[in-house]
Amino acid sequence: MKRALLVGGLAAAGIVVVVLATLSLPSVQDALVRRMASRQIQPREELLRYDGMRVVLCGTASPMPHPRRAQACVLVIAGGRFWIVDAGARSSNNVSRWRVPYDKIAGILLTHFHSDHIGDLGEYRLQSWVMGRPQHLEVYGPEGVERVVAGFNEAYALDDGYRFAHHGAEVADPALADLVARPFAVGGLDQAKSQVIVDRDGLRITTFAVDHSPVHPAVGYRFDYAGRSLVISGDTSPTEAVADAARGADVLLHEAQANHMVAIAREVAEESGRPRTAKILADIPRYHTSPTEAAELAGRAGVKLLALYHLTPPPPNALAERIFTRGMDAFSALRWVLADDGMQIDLPRASTEVIVGAIE
Ligand SMILES: [Zn+2]
Ligand SMILES: [Zn+2]
């Protein structure tokens, strides 16, 4: 028995040595690199061929740091093209990793101009440009979007020149580099009227004002395509306009802030002599929505699925997720999920199904 174990152990060790030696051969390494490259280099066109509406969370965090989650970003696929709602920092890393075909980007929609919603605009501009989008990249948003867009265009102007000098117009056509702002007027909350900002090829995008005071304007968006509907709250305290827009919708993506966790962090900041941090943590509950407030609103609106995103603080593990969603057990009649980067929600055409999965 002992002898058999010894022989087995020696054989296993021998195999490990041979494998390690093989992996250090340049020819074997090159073959592995070739395999990796062939997997990574092809855009996944099939992602966009979906018959219905497909939603992928490309960023679920807020300004608070997280090792993995990107800041606010929602990718919406409809009719063979895709839209980005909010361009939070690090979200383009997700979109690139998933090999979404950048040349099929239909446009970007901004809910408001807080830093955690615009940080990656320049990257979407650059990636879609060099990957061959055939027109300027349109950025829709409430008034003010012109300034944001002009700033990013200017910030990337030198880089544009380098890319053109290096790769030529075939890859980096200077005429197509720029973002183009598509501003729309937003009435005050008192006159909260929704308005259609895109209506083509069967896709209708509606915007509505939300309450993110003192941030004005701030909006949410509703997508209608193939008989399916998605509502994105943007950043807001609990607002009736969101419930109105989400009435009977298939999916409501609602921002969520665990105020019971923020309150403890504020106490810790005070006790640790960090008055600036404490002040910020004392200010933010007023202009966000807690998970249970979002659930109450979603239940009233009668949505098929509530997905919580733009998470403050972004939970780092399963236990923190449980703490984050404390109180949600009371909403047993509601189907809800805590979103994560890469969560995919499929809404097949002419169906009532809401399928939650992952893009990877
Ligand atoms: Zn905000
Ligand atoms: Zn935000």
Side-chain angles (χ1 to χ4, degrees), residues 55 57-66 68-76 83-95 108-124 139-145 147-149 151-152 183-184 186 188-189 192 207-221 231-239 241-242 245 252-259 261-262 265-266 277 279-291 293-294 297 306-315 324 338-341 343:
V55 186
L57 274 299
C58 35
T60 55
S62 52
M64 287 187 189
H66 192 277
R68 185 178 46 75
R69 294 175 190 259
Q71 293 179 353
C73 179
V74 183
L75 191 154
V76 184
W83 296 79
I84 295 286
V85 182
D86 285 332
R90 301 187 303 281
S91 64
S92 70
N93 183 54
N94 279 334
V95 175
I108 294 183
L109 302 152
L110 298 178
T111 59
H112 62 301
F113 313 121
H114 258 151
S115 57
D116 55 317
H117 297 252
I118 63 171
D120 260 9
L121 258 187
E123 285 307 301
Y124 287 109
V139 184
Y140 293 78
E143 283 161 345
V145 71
R147 282 186 70 184
V148 174
V149 158
F152 273 95
F184 49 81
V186 180
L189 271 174
T207 184
F208 51 92
V210 296
D211 187 1
H212 196 35
S213 306
V215 180
H216 298 292
V219 302
Y221 292 103
V231 173
I232 300 169
S233 71
D235 284 15
T236 182
S237 52
T239 303
V242 178
L252 170 61
L253 282 182
H254 204 295
E255 69 122 286
Q257 175 167 282
N259 286 329
M261 297 171 86
V262 172
R266 191 200 68 228
T277 307
K279 169 82 169 84
I280 292 169
L281 293 171
D283 288 340
I284 58 175
R286 251 170 286 147
Y287 72 174
H288 288 295
T289 300
S290 75
E293 285 169 336
L297 190 143
L306 165 68
L308 301 173
Y309 86 119
H310 190 285
L311 308 174
T312 315
F324 190 101
L338 191 72
D340 199 353
D341 289 25
M343 178 178 281

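Basis for what follows: all heavy atoms, side chains included, without hydrogens, waters or symmetry-related copies. When a residue number appears, it is its place in the shown sequence, counting from 1. In each ligand, atom 1 is the first atom listed, and ligand 1 is the first ligand listed.
Summarising the local packing, CZ of Arg147 is surrounded by 12 or fewer heavy atoms from other residues, nucleotides or ligands at distances under 6.0 Å.
Taking 2.8 Å as the threshold, His310 counts as a candidate ligand of the Zn ion (ligand 2), since one of its N, O or S atoms lies below it. Taking backbone and side-chain atoms together, Asp235 has an N/O/S atom less than 2.8 Å away from the Zn ion (ligand 1). Among the atoms of Asp86, none of the N, O or S atoms falls under 2.8 Å from the Zn ion (ligand 2). Not a single N/O/S atom of Glu255, whether from backbone or side chain, sits less than 2.8 Å from the Zn ion (ligand 2). Distances from the Zn ion (ligand 2) show that His114 has no N/O/S atom below 2.8 Å.
For the pair Cys73 and Ile84, the tightest heavy-atom approach, listed with the atom from each and the gap, is SG-CG2, 4.0 Å. The heavy-atom pair separating Asp235 from Ala218 by the smallest distance is O-CB, 4.5 Å. Among all heavy-atom pairs drawn from Thr111 and Pro142, the shortest one is O-CG, 4.1 Å.
Nearest N/O/S atom of Asp116 relative to the Zn ion (ligand 2): this is OD2.
Between the NE2 atom of His112 and the NE2 atom of His212, the angle taken at the Zn ion (ligand 1) works out to 100° after rounding to 10°.
Ring planes of Tyr287 and His114: perpendicular class, angle over 60° (limits at 30 and 60°).
A donor and an acceptor atom, one from each side chain of Thr60 and Asp341, are located under 3.5 Å apart.
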